[in-house]
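Below: the structure, in structure tokens.
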Amino acid sequence: MLSIQDHLLQGDQVTQRQTPNRGGPLVPQYLVMHYTAGSSARSSADWLCNPAAKASAHLVLGRAGEIFQLAPFNVVTWHAGISHWAGLTGMNHFSIGIEMDNAGILRKVGDRYASSFGRFYPDDEVVVARHKHGTVEQAWHAYTEPQIARAFELAELLVTHYGLKEVLGHEDIARGRKSDPGPAFPLASLAARLAGRQDDDFPRYVVTASRLNIRSGPDAAAAPVAPALKLGTEVALLEAGERWSRVEVVGHGDIEGWVFNAYLQPAPPALARRRGADTAAKRATPKPARKTPSRRR
Ligand SMILES: [Zn+2]
């Protein structure tokens with residue numbers, strides 16, 4: 001499982017590097033996804049740590065799910081270039097960048113597909129699709145399942161930890177100039193899934209114990225992640241389990257952990273956002289919230 005400490009990623013298959021290609025302090029508001037158009041995560045990480053590149057990113061995500069972190073998340077990296085979004089210009093100053101190892105657009109050579117650097121790919125590593133901002137079908141290098149799973153995990157962690165507003169593609173903020181991460185990456189479903197987190201579209205509960213421990217795992221032996229929650233504290237249910245549930249403290253998105261179900265009760269309607277019958281049903285019988293993503297924004 002991944003976590004963030006002092007703006008650095010902790011977890012399996014995470015390697016810390018330090019790129020000299022960096023700017024000043026960053027308070028991230030967005031996450032921007034990219035592909036490397038390179039031949040391996042390691043070679044891309046090496047290049048993005050080379051001053052000659054004049055480019056960088058916070059993370060490089062490999063095809064086996066391995067991650068290189070090149071700079072802390074509170075420092076500007078150089079992944080976006082000329083870019084605009086939501087009235088902002090120069091998205092390096094507002095966003096965390098993740099480069100995913102992927103060869104990008106492929107070209108057909110005979111009956112095979114080749115990358116710009118001359119490697120060939122079997123058909124099952126190729127996605128033929130029209131880019132959402134494009135007019136014709138092209139061949140794109142597929143992402144791997146472990147890589148996509150890890151990208152979703154990273155995005156969820158970063159959105160929660162930093163209260164990010166949105167997950168974007170480089171193709172969205174540098175429209176017409178960039179095509180990454182492209183149609184082979186399920187960006188729309190990632191964005192839809194994460195929109196729910198910022199939309200508060202999770203059932204709300206209140207703490208009924210005078211003090212309720214909030215722990216790092218679903219176990220009474222797991223370490224507390226914050227001081228015990230007081231009676232009446234409102235939490236958003238992120239993941240419901242049989243005895244323990246993962247919650248986020250409403251108004252303190254940085255406090256997230258596991259609490260014992262017996263000391264939670266559904267928030268009264270006055271406190272809860274008005275959500276209609278569907279949400280009322282969800283409150284009565286908690287289900288894992290992540291399986292019912294919201295498309296609302
Ligand atoms: Zn890019």
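Each ligand, and each atom within it, is numbered from 1 in the order the structure gives.
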Got a salt bridge between Arg246 and Glu156, using NZ or NE/NH1/NH2 to carboxylate O under 4.0 Å?
yes
Taking Lys178 first and then Glu171, would you say they form a salt bridge - that is, a charged N and a carboxylate O separated by under 4.0 Å?
no
Would you give the length of the straight line joining atom CG of Asn261 to atom OG of Ser245, rounded to the nearest 0.5 angstrom?
3.5 Å
Side-chain donor-acceptor pair present, Glu166, Trp85, cut-off under 3.5 Å:
yes
Hey, which protein N/O/S atoms does the Zn ion (ligand 1) have under 2.8 Å?
His34 ND1, His170 ND1, Asp180 OD2
Please list all pairs passing the salt bridge (Lys or Arg N to Asp or Glu O under 4.0 Å) test where one or both residues lie in residues 30-54, with sequence neighbours left out.
Arg17-Asp46
Between Arg112 and Asp123, does any NZ, NE, NH1 or NH2 come within less than 4.0 Å of an OD or OE carboxylate oxygen?
no
